[in-house]
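First the proteins, then the strands, lettered A, B, ... as listed; each starts at 1. Reckoned from all heavy atoms, side chains included, excluding hydrogens, waters and symmetry mates.
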2 protein chains.
Amino acid sequence: MAPRSASKTPESSDKVGVICRALRRAIIEQALAPGAKLPEDSLGERFGVSRTIARHALGQLAAEGLVELRRNRIAVVATPSWQEARDAFDIRIELERLVVRQLAGKLTKNQVSELNAHVDAEDRARDGSDAVSIRLATEFHILLANMTNSPILVRYVSEVAYRCCLTLSLYSRPHSSECAINEHRAIIAALVKGDESKVMGLMHSHLDSVANRALVAPAPQRGRDLLDILAPYAEEGEGGRVVKMPKVVRAR
Amino acid sequence: MAPRSASKTPESSDKVGVICRALRRAIIEQALAPGAKLPEDSLGERFGVSRTIARHALGQLAAEGLVELRRNRIAVVATPSWQEARDAFDIRIELERLVVRQLAGKLTKNQVSELNAHVDAEDRARDGSDAVSIRLATEFHILLANMTNSPILVRYVSEVAYRCCLTLSLYSRPHSSECAINEHRAIIAALVKGDESKVMGLMHSHLDSVANRALVAPAPQRGRDLLDILAPYAEEGEGGRVVKMPKVVRAR
DNA sequence: GGCCATCAAACTGCATGCAATTGAGGCGCT
DNA sequence: AGCGCCTCAATTGCATGCAGTTTGATGGCC
């Protein structure tokens with residue numbers, strides 16, 4: 001069977017799919033930060049399609065939780081609350097335990113080398129931008145999910161992994177990204193060895209540690225984000241005066 | 001806070017949301033069987049909107065896995081394979097274990113009575129149509145998920161529950177539906193008592209037994225469904241003659 | 001009678017146009 | 001200067017129109 005990208009997802013249909021994939025990638029690489037505006041016109045123009053299509057793509061992305069749609073308002077990249085981020089990780093842990101449980105001891109030689117190749121790529125990207133490292137780390141998990149041959153599982157793991165990726169860009173410390181490449185290698189090893197509970201434990205602690213490293217601030221924001229983010233800057237503007245907040249065009 | 005339906009889902013926006021909800025309900029109540037055609041025109045006409053809107057709604061439903069979209073083809077209600085059905089249940093089990101783990105011992109009095117009221121309703125619907133019973137049983141689980149206050153978890157549990165509901169209509173024996181009302185009561189009791197592992201076990205075995213009761217046929221279909229379904233009828237049509245297959249308008 | 005080619009109706013893919021809503025800047029008032 | 005109102009450009013919500021594809025039905029041919 002030819003490796004035509006899964007025909008069942010509406011995704012791969014046509015232009016809509018292209019836009020979705022592009023935006024998804026831009027979002028998880030933080031080229032589009034949470035809160036960034038996504039006007040239908042601009043998207044359409046940028047991708048050479050009409051608003052109708054851009055709109056449809058935004059709808060799909062919204063269904064995945066990557067963008068927020070408010071009636072009569074410009075769509076924006078989603079800005080999950082800290083609690084939602086934590087919830088996403090909890091769900092992700094359960095789903096990925098399921099993945100490795102199904103995979104333990106069942107990987108073909110080809111699959112193992114594919115995984116190893118991916119981790120090697122992660123290694124090489126170590127000195128590159130954080131954004132790329134994070135994307136690669138996420139894609140490792142998606143690659144794993146793909147090997148289960150369960151379309152539903154793939155979809156959910158992908159979605160939730162992307163969401164986690166998004167939250168990482170919101171809440172994680174600058175360079176905490178992922179020194180977790182070794183943990184990926186350990187997971188592969190355990191999968192090959194075929195010890196279900198061992199690999200489930202590894203995956204659990206791997207994701208848990210990523211989450212804990214990333215989601216460090218228990219209550220970083222209250223009202224909304226902007227005010228708190230700017231709070232440190234609010235004292236001693238230039239001479240005892242409170243700085244008048246400038247334009248504030250959240251995420252250009 | 002007013003109980004306005006979650007503002008974040010694009011769903012509740014407007015006409016699209018109405019159509020989605022209507023179709024979802026029709027599908028899980030089997031008014032629309034798997035394979036049923038869903039032409040944009042007809043939907044638009046039926047709901048008094050343009051094709052554009054109907055199309056958008058179909059897109060959302062496809063993202064949830066309830067309908068299948070193939071390029072240039074009429075959309076149809078999804079027809080999950082047996083394996084996909086099994087996978088969906090596996091995922092559902094993990095997700096709902098998470099739900100009850102978060103809920104154990106944390107339900108308010110109001111929530112408990114809401115749950116009891118729902119189960120009572122299930123009881124009353126016992127003599128009604130199977131479809132309604134199944135829908136109510138599914139909604140019990142969604143109600144539970146809602147109480148976690150985790151939008152992401154709600155979304156995933158809802159989706160996967162609807163999918164399972166859909167598969168039930170495909171693979172379950174006529175009246176196997178759910179005598180599982182008692183199990184629902186047991187889960188409520190365990191939740192109130194607050195024993196995490198107890199209630200997780202209950203939920204696990206509850207869903208597992210529903211799945212096993214429903215997904216009985218390990219390999220009921222090979223090529224596609226129609227041929228196998230008709231196989232028993234293929235011998236001795238009316239006089240040693242093979243019956244000429246009539247129109248066969250899958251799901252009117 | 002059964003099978004294949006041709007054709008018309010049905011349907012989707014997509015762009016565009018128009019009305020309604022938003023929010024941002026400008027103006028006047030205090 | 002500060003505050004609020006008002007107007008207007010920007011943007012979304014939705015319907016319609018046209019072009020391309022699929023479906024399935026009719027008619028000719030074996």
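Rounded to whole Å, atom C1' of C:dC11 lies 13 Å from atom CZ of B:Arg70. For B:Glu45 and D:dA15, the CD to P distance is 13 Å, given to the nearest whole Å. C:dG13 atom C1' lies 13 Å from atom CD1 of A:Ile19, rounded to whole Å. The separation between A:Glu40 atom CD and D:dC14 atom C1' is 11 Å, rounded to whole Å. Taking atom CG of residue A:Asp41 and atom P of nucleotide C:dC14, one finds them 18 Å apart after rounding to whole Å. With rounding to whole Å, B:His56 atom NE2 is found 9 Å from D:dG13 atom P. Residue B:Leu43 contributes atom CG, which lies 15 Å from atom C1' of C:dA10 at whole-angstrom precision. When the C1' atom of D:dT11 is taken as reference, atom CG of A:Leu58 falls 13 Å away, rounded to whole Å.
Residue A:Ile53 has its side chain nearest to C:dC14 when only D:dT16, C:dT22, C:dC14 are considered. Set against D:dT22, D:dG24, C:dT12, the side chain of B:Ile74 has C:dT12 as its closest nucleotide. Out of D:dT23, C:dG23, C:dA15, the shortest distance to the side chain of A:Arg73 is found at C:dG23. The side chain of B:Pro39 sits closest to C:dC11 out of D:dG13, C:dA15, C:dC11. Of the candidate nucleotides D:dG13, D:dA15, D:dT22, D:dG13 has the atom nearest to the side chain of A:Arg51.
Mapping A:Asn72 and A:Ser50 onto DNA chain C by nearest heavy atom places A:Ser50 at the nucleotide closer to the 5' end. Nearer the 5' end of DNA chain D, as judged by each residue's closest nucleotide, is the contact made by A:Ser42, out of B:Gly48 and A:Ser42.
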Quick one: do B:Asp87 and B:Gln83 satisfy side-chain hydrogen bond (donor to acceptor under 3.5 Å, both in side chains)? Show the steps, please. CA-CA 6 Å; B:Asp87 290 342; B:Gln83 184 57 49; 3.1 Å; yes
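We find that A:Glu84 and A:Arg163 are not joined by a salt bridge, their nearest charged nitrogen and carboxylate oxygen being 4.0 Å or further apart.
Remark: B:Glu94 engages A:Glu94, A:Leu98, A:Arg101, B:Arg97 in a side chain to side chain contact (heavy atoms under 4.5 Å, CB included) (not counting sequence neighbours).
The side chain of B:Arg55 contributes an N or O atom lying less than 4.0 Å from OP1 or OP2 of C:dG13. Taking only side-chain nitrogens and oxygens, B:Arg71 never comes nearer than 4.0 Å to OP1 or OP2 of D:dG20.
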Contacts table for residues 154-162 of chain A: side-chain donor-acceptor under 3.5 angstrom, sequence neighbours left out:
from	atom 1	to	atom 2	distance (Å)
A:Arg155	NH1	A:Glu159	OE2	3.4
A:Arg155	NH1	B:Ala63	O	2.3
A:Arg155	NH2	B:Ala63	O	3.0
A:Arg155	NH2	B:Glu159	OE1	2.7
A:Tyr156	OH	B:Glu159	OE1	3.0
A:Ser158	OG	A:Val154	O	2.6
A:Glu159	OE1	B:Arg155	NH2	2.7
A:Glu159	OE1	B:Tyr156	OH	3.0

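For the residue pair A:Glu96 and A:His141, a side-chain donor N or O sits within less than 3.5 Å of a side-chain acceptor on the partner.
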